[in-house]
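Note sheet for the following structure.
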Amino acid sequence: MVAADVQRPAGSATHDVTNQPPPLVPYDASDDAALLEGLRREGAGWAEDDVRRLGTRAGSAEAQEWGEQANRHEPVLRTHDRYGHRVDEVEFHPGWHHLLRTAVTAGLAGSAWADERPGAHVARTAGGLVWGHTDTGHGCPTSMTYAAVPTLRAQPELAEVYEPLLTSREYEPGLRVPTEKRGLLAGMGMTEKQGGSDVRTNTTTATPTGEPGVYTLRGHKWFTSAPMCDVFLVLAQAPGGLSCFLVPRVLPDGSRNTFRIQRLKDKLGNRSNASSEPEFDRTVAWLVGPEGRGVKTIIEMVNCTRLDCVMATATLMRKTLVEAGHHARHRTAFGARLLEQPLMRQVLADLALESEAATTLTLRLAGAADRAVRGDDGERAFRRIATAVGKYWVTKRGPAFTAEALECLGGNGYVEDSGMPRHYREAPLLSIWEGSGNVNALDVLRALGREPGSAEALFAELALARGADARLDAAVASLKAELAGADQFGARRLVERTALALQAALLVRHAPHAVADAFCASRLGGDWGHTFGTLPAGTDLDTILHRALPGLA
């Protein structure tokens, strides 16, 4: 008997798909109570319709596919054209350009600086919290463009030329004379191979030319992301010390500035975004701010990009929580849906608490930034310390969070098709970029030691929740005592405790009682284990899950 004659019993096919969740898309990335409440509370309720539209688009099949394509088809470096001419260009998949065009048009790059409405910077952050559900990589050039504007204002004559283009909502890729384009993107180059965060050791030199404010640079930068941006803010050693410079890729006469891309970094994650090592050799640059004040000049850019690292981590938390909740709703094990299993509900509720705390803090930081820009000195002082605190803690929580969310999908979450491995690889980046954990912890100590107004602003914020929860009151009192002996050895512990107290204070004031109580009991009261899913008995899981995952729980 040949194989073709074998009679197969009915129902023996092995390719019937059962007990697998349907695709999540389309979904609404803005369907998040913590986000929308924070948007209104921080003064940008007028932007809610725009944020909702962007959230619907972010969760569309088309936009999700753009993110997949931009990461699957990674940037390619072209150092020379076919004739041997040096071009130093990076080619991106069309999905990358679709993502960036949407982001810039939606105001996620520099346009908030040109918007006089109170809350404009909050609206931008909220937009990032939903559009980031597509891909994190393209958020790098939009973040740097946003952050470049206040730094460039240190040189008014340059700001007059470039700011209208950096705040434009027009995305126009390709290297051309900047002033001939409808919109620009900006990057920055600070780190060098001999010292990442220790930028004062930079060896790139800046030599004055005969033209006032114009220099030529010579050196090699170790990490410069998005090399196809139009202009870059870089640090170099001028005769008067470390200084900040504006470097355009194309000079006013149409010739290419020397920006030799040696290679693209082969990174763990953030694969859609090109990070490069450019070499400067007689590269023309314009001084921004005084000579010798480079760190002070560019620090405002760093403060802005640190906020965006917090935002991007909160976005990854929310995105992976939604993925985990969707899977648990549709997957069955041991006779019940995963979402109905008590232990899975524990895990998801614990993740929901962490996600809401991160989102709420992100929007509070954005509100502080918005009000600081408009002249509020108290908010400026609060922003100074709280952004470093948030950058340290929220980005530290990202990898553990995404790993737990991935595990909710089991083996399905470990395969690339699920998208979860991409999110997991992305998470550590946000703690490393714009100052690693140690750098941000030390920055908090620096603010406490040199800027006493920062500590006063922090405790004024915490005092707004005084008397609402005994565990929070005890944590704040302990924190005040700990500040007296703050030193480098205990910096991480101090910043962690500060972050938890700040998140708890915000939740006590603004979140439902079930959320705030569970957060304080676990994060402050000590009734918690060492992993997610160890909330204390009696926690109101139903309220937490219904708030975090509407329609799923």
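Residue numbers start at 1 and run along the sequence shown.
- Under the 3.5 Å distance criterion, with hydrogens and angles disregarded, a donor-acceptor pair is assigned to the side chains of Asn270 and Glu426.
- Counting heavy atoms of neighbouring residues, nucleotides and ligands inside a 6.0 Å radius, atom CZ of Arg256 exceeds 12 of them.
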Worksheet item: Can Phe92 and His73 be said to form a ring-ring contact (aromatic ring centres under 6.0 Å, His included), step by step?
Response: CA-CA 8 Å; Phe92 292 88; His73 305 283; over 10 Å; no

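- By the 6.0 Å contact criterion, CD on Gln262 is enclosed, its count of non-hydrogen atoms from other residues, nucleotides or ligands being greater than 12.
- There is no side-chain donor-acceptor pair under 3.5 Å between Gln155 and Tyr162.
- In this structure, a donor-acceptor pair under 3.5 Å is present between the side chains of His138 and Trp131.
- Asn438 and Arg492 share a side-chain donor-acceptor pair at under 3.5 Å.
- Of all non-hydrogen atoms in Thr203 and Gln194, the two that sit nearest each other are N-NE2, 3.7 Å.
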Worksheet item: Checking side chain to side chain contact (heavy atoms under 4.5 Å, CB included) for the pair Val130/Val51: CA distance, chi angles, key distance, verdict?
Response: CA-CA 7 Å; Val130 298; Val51 171; 4.2 Å; yes

Item to complete: Tell me, with the steps shown, if Phe245 and Phe232 meet side chain to side chain contact (heavy atoms under 4.5 Å, CB included).
Response: CA-CA 8 Å; Phe245 296 90; Phe232 293 81; over 6 Å; no

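- At a threshold of 4.0 Å, the pair Arg383-Asp370 does not count as salt-bridged, since none of the basic side-chain nitrogens sits closer than that to a carboxylate oxygen.
- When all heavy atoms of Ile432 and Lys391 are compared, the pair lying nearest together is N-NZ, 4.5 Å.
- Lys181 contributes a side-chain N or O that, together with a main-chain N or O of Glu172, makes up a donor-acceptor pair within less than 3.5 Å.
- Between the side chain of Asp376 and the backbone N or O of Glu379 there is at least one donor-acceptor pair closer than 3.5 Å.
- Aromatic ring pairs are classed by plane angle as parallel below 30°, tilted from 30° to 60° and perpendicular above 60°; the pair Tyr83 and His85 is tilted.
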Return all side-chain donor-acceptor pairs below 3.5 angstrom for residues 100-112, not counting sequence neighbours, or 'none' if the list is empty.
residue, atom, partner, partner atom, Å
Thr102, OG1, His98, O, 2.9
Thr105, OG1, Arg101, O, 2.7
Ser111, OG, Gly107, O, 3.4

Practice prompt. Under the side chain to side chain contact (heavy atoms under 4.5 Å, CB included) rule, what do Leu316 and Leu430 come out as? Steps first, then yes or no, please.
Written response: CA-CA 10 Å; Leu316 276 176; Leu430 298 161; 3.9 Å; yes

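- For Arg282, the CZ atom sits in a loose shell: 12 or fewer heavy atoms of surrounding residues, nucleotides or ligands are nearer than 6.0 Å.
- Between the side chains of Ser275 and Lys267, at least one donor N or O lies within less than 3.5 Å of an accepting N or O.
- Side chain to side chain, Thr258 and Thr283 fail the donor-acceptor criterion of an N or O pair below 3.5 Å.
- Residues Ala147 and Pro150 approach most closely at O-CD, 3.3 Å, considering heavy atoms.
- Ion pair Arg384/Glu451 flagged as a salt bridge, since at least one NZ, NE, NH1 or NH2 atom sits closer than 4.0 Å to an Asp/Glu carboxylate oxygen.
- Side-chain contact of Glu192 with Thr204: a donor-acceptor pair under 3.5 Å is present, judged by distance alone.
- For the residue pair Gly292 and Ser243, the shortest heavy atom distance occurs at N-OG, 2.8 Å.
- Remark: Arg200 CZ is loosely packed, at most 12 non-hydrogen atoms of other residues, nucleotides or ligands lying under 6.0 Å away.
- The distance from atom CG of Leu152 to atom CH2 of Trp286, rounded to the nearest 0.5 Å, is 12.5 Å.
- A cation-pi arrangement is absent between Arg260 and Phe280, since the terminal nitrogen or guanidinium carbon is not both under 6.0 Å from the aromatic centre and inside a 45° cone about the axis.
- Of the residues listed (Leu35, Leu129, Thr320), the one engaging Thr315 in a side chain to side chain contact (heavy atoms under 4.5 Å, CB included) is Leu129, and it is the only one.
- Looking at Glu277 and Lys193, no side-chain N of the basic residue comes within less than 4.0 Å of a carboxylate O on the acidic one, giving no salt bridge.
- Side chains of Asn303 and Thr387: no donor on one and acceptor on the other come within 3.5 Å.
- Taking every heavy atom of both residues into account, Gly174 and Asp230 meet most closely at O-OD1, 3.9 Å.
- Within 6.0 Å of the CZ atom in Arg380, the count of heavy atoms belonging to other residues, nucleotides or ligands exceeds 12.
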